[in-house]
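Down below is the structure, laid out as structure tokens.
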There are 2 protein chains.
Amino acid sequence: MAAKQWVYMFEEGNAQMRNLLGGKGAGLAEMSNAGLPVPPGFTITTEACIAYSDSGEQFPDGMWEQTLAALKQTEQQAGKKFGDAENPLLVSVRSGARMSMPGMMDTVLNLGLNDDTAAGMIKLTDNPRFVYDAYRRFVQMFGKVVMDVDGDLFERVLDEYKDRHGPNASDTDLTTEELQEITARFKEIAREETGQTFPEDPYDQLRMAIGAVFGSWNRKRAVDYRNFHNIPHDLGTAVNIVTMVYGNMGFDSGTGVAFTRNPATGEKRLYGEYLLNAQGEDVVAGIRTPHKISELQNDLPTAFGQFLDICQLLETHYRDVQDMEFTIERGKLWMLQTRAGKRTAQAAVKIAVDMVNEGLITKEEAIQRIDPLQMDQLLHRRIDPTAKVDVLAKGLNASPGAASGKAVFDADRAEELGKQGESVILVRPETNPDDVHGMLQAAGILTARGGATSHAAVVARGLGKPCVAGCEALKVDLEARQFTADGRTVREGDIISINGSTGEVIMGEVPMIEPEMTDELRQLLSFADDIRRLGIWANADYPRDAQRARDFGAEGIGLCRTEHMFFEEERLPIVQHMILADNDDERQLDLDKLLPMQRGDFEGIFRAMDGLPVIIRLIDPPLHEFLPSHDELLVRITELRTRRELGQFSAAEEAELAEKESLLKAVESMRESNPMLGLRGIRLGITMPGIIKMQVRAIFQAACRVAADGVDVHPEVMIPLTGHVNEIKVTQIELEEVAKKVMAEEGREVDYKFGTMIEIPRAALTAGEIAEYAQFFSFGTNDLTQTCFGYSRDDAEGKFLLKYVEDGILPANPFQTLDTIGVGRLINICVQEGRAVRPDLEVGICGEHGGDPASIAFCHEAGLNYVSCSPFRVPIARLAAAQAALGEAARDR
Amino acid sequence: MAAKQWVYMFEEGNAQMRNLLGGKGAGLAEMSNAGLPVPPGFTITTEACIAYSDSGEQFPDGMWEQTLAALKQTEQQAGKKFGDAENPLLVSVRSGARMSMPGMMDTVLNLGLNDDTAAGMIKLTDNPRFVYDAYRRFVQMFGKVVMDVDGDLFERVLDEYKDRHGPNASDTDLTTEELQEITARFKEIAREETGQTFPEDPYDQLRMAIGAVFGSWNRKRAVDYRNFHNIPHDLGTAVNIVTMVYGNMGFDSGTGVAFTRNPATGEKRLYGEYLLNAQGEDVVAGIRTPHKISELQNDLPTAFGQFLDICQLLETHYRDVQDMEFTIERGKLWMLQTRAGKRTAQAAVKIAVDMVNEGLITKEEAIQRIDPLQMDQLLHRRIDPTAKVDVLAKGLNASPGAASGKAVFDADRAEELGKQGESVILVRPETNPDDVHGMLQAAGILTARGGATSHAAVVARGLGKPCVAGCEALKVDLEARQFTADGRTVREGDIISINGSTGEVIMGEVPMIEPEMTDELRQLLSFADDIRRLGIWANADYPRDAQRARDFGAEGIGLCRTEHMFFEEERLPIVQHMILADNDDERQLDLDKLLPMQRGDFEGIFRAMDGLPVIIRLIDPPLHEFLPSHDELLVRITELRTRRELGQFSAAEEAELAEKESLLKAVESMRESNPMLGLRGIRLGITMPGIIKMQVRAIFQAACRVAADGVDVHPEVMIPLTGHVNEIKVTQIELEEVAKKVMAEEGREVDYKFGTMIEIPRAALTAGEIAEYAQFFSFGTNDLTQTCFGYSRDDAEGKFLLKYVEDGILPANPFQTLDTIGVGRLINICVQEGRAVRPDLEVGICGEHGGDPASIAFCHEAGLNYVSCSPFRVPIARLAAAQAALGEAARDR
């Protein structure tokens, strides 16, 4: 049986063979076949690497023989001979995986040199200094990366020689003799450190270098990197053996890197730099200042012209921006690499749109070129990436964007300063609904506890404000109004910055870049709108949010949380009084006061969403959230009792104690061990129906009244937390009566729906029953994830969830990216069985996942009608939905 | 088209027509057809009742005509004529639904009487007093139940006449003339109250009486009763029209009720009583003391002999104990009713077993005759049902049985007194694991909060101690060591009693009946064992529980909770020290101390279960449960801080404050918003693996060492709270290594399994993946119900769940009876997909539902291998499992 083909000449490969040949190898092959000037060479496949790993570091059968044969062919093409003292072939050995991956052995240059071939090279080039410099570099690189010798040992020797030439001497000051000595010293170091003589035989060198590249695939840093980035371990890396060419053979030689378009701005102009008489590494190392690529026209016009043609050809060939390396050896241009150019979000959008307009790519391709998460950068203020920052601590990147401002430690103070026009960062151990008024006025939010779906994070994302949450390194001392971290203390009023995109907490102020909705972005999103099937709605609680959502392209409101309205300053006392009411009559008086306020809220939202549907969720949280904190009451009561006991007790304190004791009693009677699984949502609606009836009354009064002004309203009333069909049955029948009564009173009919959130596994499992009543379903995937996994979203992330993700127990944080296997199965069951009963059932998602691209792809597959996300994520969702549609189309072909 | 048949002569019916004719009608028909002496008559069907209700209280077409025809036939059979002044037929009109139902109109006797027919009767009987007494009774009954006149108005007149004969006069003292006057007065009352003349026409009387019976089906009391007992509202009641016979026509006449066997003890001997010269109601009303049925032999030997034959015949015919009514009119025996006799649990068991031994019924029938929940009575101490009790309040019947003892308000005191041999009832607002040492010594547990699956309830059931939980009427004042309820106060040391089977809290001591495992019960359960397919295992944490479970017939331990062991007095300080340890080394020292203790526990259980499997669950609860209460620490710290502030602060207090503050900090760092969804179970095992490794080491050391003594051990290690396959994967691999290492150290192999609880919806939904690792699944249906419904078991029952059940939103409390639709669907998915991957997967249930008969039936259907319940419920589970098997067999036929 013939051995498998482990080795491919560049001429045998092409761009489609990326998995087998790695990115670099496939690129070199593709260029070779396109007739571009690529130095002769070949690639050893990724499969060989895997075979090597699997067999305890043995080259697979036939690989070495095939390598020798390919080398022979390369010799013929180059007109040189490997290891030959007269006309030696030198090669570079470079790793090249499917995707570029730090932590792996990168490159050995000038392989094939030994004392004999060096002598031959000198004869050929008549440039002994060049040859010894190359020889020295080879031994150093080989010693370090192949023989695993500590690189500092070589550097120390080099410094020693440089010091002889004065304090600021550089490599170029070294003489040929010194370089020769250094080369010998380097070999000696390698021998001392490894106990092995430095290999003189070029074939030994080659074998060892190939083995080192293969071995580096399983080096700890590479494994860690793959674990972190969810890259499979069985891909392997290819090895490229390429004939050396030299940009350092005089001023008719040079080397450079270039992009076909500007990778920072997307501008359509060649972008890059070069150095004459230099090797590739010199450009990167920054020893000399490189020139702008356009100047090459003056230095080497022929090569430059040829390069321009090649750039054009490669961009047209690959239909994407190319990032290229080249070398000019004695006037002759050699292409050493081409690959898709990495670019900023801004550039990515501009390039994609430009290329559509140039006819180079289709709209569909443009859509697929943009990473939605990267695009998120464009929609938030961000820290200037060139700025130096003093990072104090790192938490969760809970809401993107960045802000600088005075640290403040309570919501009242944040509100006060915020209203005075000061930029403040609200710092809290964690936030709760009492803090919202301060969050509204803060430039950013920083918490020591809570995960990516904690209150702080959710509210901040809804507000489009940056937030760093769960920064456990922070010790917040509310009494002293300060926090400490990393041994440093930040007091109230000190300026800090937060980067909600990275989770960094930074000392002092930092320069910012403002976001912009560019014309290109608008155009790109209009391509997306043509392609996507999913509707994109937004979660918005206030008219201003609804307006913003609409501006960003939202086609409806998927979640308007009514309880946030209860927390507003002038309302909270009424709400508290209502909760503490002794009987229904007393309670009704408070509800009557709240009615016009809620009506006003809804009117504003309906006006903003003229012509579009608005889903309003009835009150959801447990009532104790609206009352003062249990612990604070307990502490104050204990203080007062102790004072009384010790005889230090005023009449005012006596009155306070009585009041607080009665309040604590009320709070205790509502206290729950697991409030997330307690008396909230529809359970509250059934237990205390006055509140939701008032809300429905307010919704339909508002709808009828704005309809009277000619606004086209489509209210959809959403009942939260249904778990059993009877819950929605009794509630919906009762509420629909209220709705009809209000419409009769107002003398106007409006188009409306009643429906429910699906956020309890049992609701999903009995969707057929529930769809008998509900006209729409909206997946509350935060809660559904909580109950499906049994993870408290308030606790899990800090306590164990992030560790689970880090350790690879969970592939991702299920509160960020929908768990398609478990939670997704519930969703699929629910959609199928709900639609079987009610074919026109409207189904959407309003959890945090509605703005996550991977989750959006799942929602597309599951056949949802829409996803609803925070207004600031609407553009991302539009793009992701289009990508999901394209992904499906591709699979269907 | 001919009208539907609405009326059936007794000869036309039979026992199978119970739905159409009601229980009474079907019984009378069956007896008629068996040739027994039944007074002639007929039945108007339940369908007629429904038609009457549905049509706005109109008799359905043809019904009245059919009634008249049937009446005509009855006249012929009786040789009398309805409304005839010479030889009048009188009838009784009786309701008779499918099941007996209080709240409905019961009976009108002597219908057909008016002044004319009364005169005719006098001529016939030559007994005017008898006739006027009957007439008076008829007008009174008809007035009250048909015309809806307040019965007190009649009683007052009757009392007025009786008073004329002295202070202790009775009905029998009234003269014929007086009875005649009374009859007239009664008619006058009816006219005054209703505005209608009392109907003189017997046909009007009949029509009105039938309408009244039909109408009573929808009377509020009847509707409430049906709602409460989940009886459908569309069954309707039948009406029986029966020729009157008279037991009060002299001392050759009489009336009585009898059971073919003793309904209290099950003894096979006729049981009942009779009165000579009396009507049926006199026996029940207790005006005269009735005689034992055996004495009838002396009074009326012929009739008695005939009755004995009939009893024998009916019992053989119905193959069950009969509860019969009879009347003897002038020496002739008439049977008025027969039905299956209600019986006590003890009697039910004895009768079923006896009848099998007599060859009357099969083992299968015997099994189906016993209500498992009723049988539960036999296994617990109970309050003498004849005792008068002073009920103070009512809570949840959380753990069956009854106890009297001194009320005590903390676990330490309960333990102290309990160890001194005092009987104590531990009264707490709610219990937590800190209270277990007191619960162990208490005779019963009473809590003001918490549901049927609260800590108190679960532990009490596990211990087989009576518990009343969630008795919200109790105001417990721990400081004052007392509680108040219903305006009364119970102080520490006062004697109270609790009835865990009914939820009653009773003042003072009450007489008790001790439970017994009778020979009959043993025999019955052995029948069950022959029939059932499900294994019956028990939940037991201690060797003594394991032994008890085995005595009751358990075939394995399905759940041994290891954390209870951590709460024992001498261990808790070590556990706390372990939890608070600064680093792993320090923690390991504590774990090393705990190891031999745990090993000792397991050795005891393994010995008790020699030859049977024992599933041991690794630590499950969150660690903060082992630490002092957060609130108590906060209160004490606040007291101390206030004292310091006020300058009243000793050095000892200073030290205490420092210690408490550091403890509070630790408690706070572990505190969770929703601990049920937090860091517990396998999550804890992964985060802090030392604990579970110690436990596995202890398990396998114990197993190897008792195996060395010849004990046949089968440990099964259960990992709690798995939600993702990777959790069990990493944990199980690591733990199995520990197990193998220990077995190697001990030089012995034991048969073992590793598996997991399924208590998270996601685990059920990904069972196929999990079964790749787990060798067994055990459904933790308490937690699975919690997460599937999103109900916190600590809160929901008190806050809304019981209301849900009351209002019919939920058909039952899902923590008591498994929700087969939602939770059951998860279980079915899990069993099917788990077994698809691992066909020999052992699957059981260890939640509270394992002892609930309805849930056991579901487990049988779902194909589980076993159910595991508390030791005291093992007999019930054996019976219920057999019934489930029989139910399935019946359906399959």
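Chain letters run A, B, ... following the sequence lines, proteins first, then strands; residues in each count from 1. A quick note: this is a predicted structure, and the numbers were derived from the prediction, not measured.
- Considering CZ of B:Arg644 and OG of B:Ser650, their distance stands at 12.5 Å, rounded to 0.5 Å.
- Both the backbone and the side chain of A:Arg671 come within less than 4.5 Å of a heavy atom in chain B.
- Proximity to chain B (any heavy atom under 4.5 Å) is restricted, for A:Pro811, to the side chain, taken from C-beta onward.
- Contact count against chain B (heavy-atom pairs under 4.5 Å) is highest for A:Ser673 among A:Gly822, A:Gly808, A:Ser673.
- Note on B:Ala763, B:Gly723, B:Gly790: by heavy-atom pairs under 4.5 Å with chain A, the leading option is B:Gly790.
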Quick one, A:Lys660 with A:Glu632, criterion salt bridge (charged side-chain N to carboxylate O under 4.0 Å, His left out). Give me CA distance, side-chain angles, the key distance, then yes/no. CA-CA 10 Å; A:Lys660 289 260 157 70; A:Glu632 282 170 25; over 6 Å; no
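- Most heavy-atom pairs under 4.5 Å with chain A: of the set B:Asp631, B:Thr766, B:Ile821, B:Leu679, this distinction falls to B:Asp631.
- The contact list for residues 682-689 of chain B toward chain A, using heavy atoms and a distance under 4.5 Å, reads B:Ile682, B:Arg683, B:Ile686, B:Thr687 by residue number.
- Within the 4.5 angstrom heavy-atom criterion, atoms from both the backbone and the side chain of A:Glu727 approach chain B.
- Within the structure, salt bridge (charged side-chain N to carboxylate O under 4.0 Å, His left out) pairs that include any residue of residues 779-789 of chain A comprise A:Arg680-A:Asp783, A:Asp783-A:Arg793 (at least two apart or interchain).
- Contacts of A:Val730 with chain B are made by side-chain atoms alone, with heavy-atom separations under 4.5 Å and no backbone atom involved.
- Interface summary for chain A: among B:Leu826, B:Leu646, B:Leu810, the most heavy-atom pairs under 4.5 angstrom belong to B:Leu646.
- Remark: B:Arg643 engages B:Glu653 in a salt bridge, criterion side-chain N to carboxylate O under 4.0 Å.
- Taking the six-membered ring where the residue is Trp, A:Tyr791 and A:Phe815 present tilted rings, their angle falling between 30° and 60°.
- Looking at A:Leu634, the atoms closer than 4.5 Å to chain B (heavy atoms on both sides) all sit in the side chain, from C-beta outward.
- Chosen from B:Glu639, B:Glu759, B:Met676, B:Arg825, the residue pairing most often with chain A at heavy-atom distances under 4.5 Å is B:Arg825.
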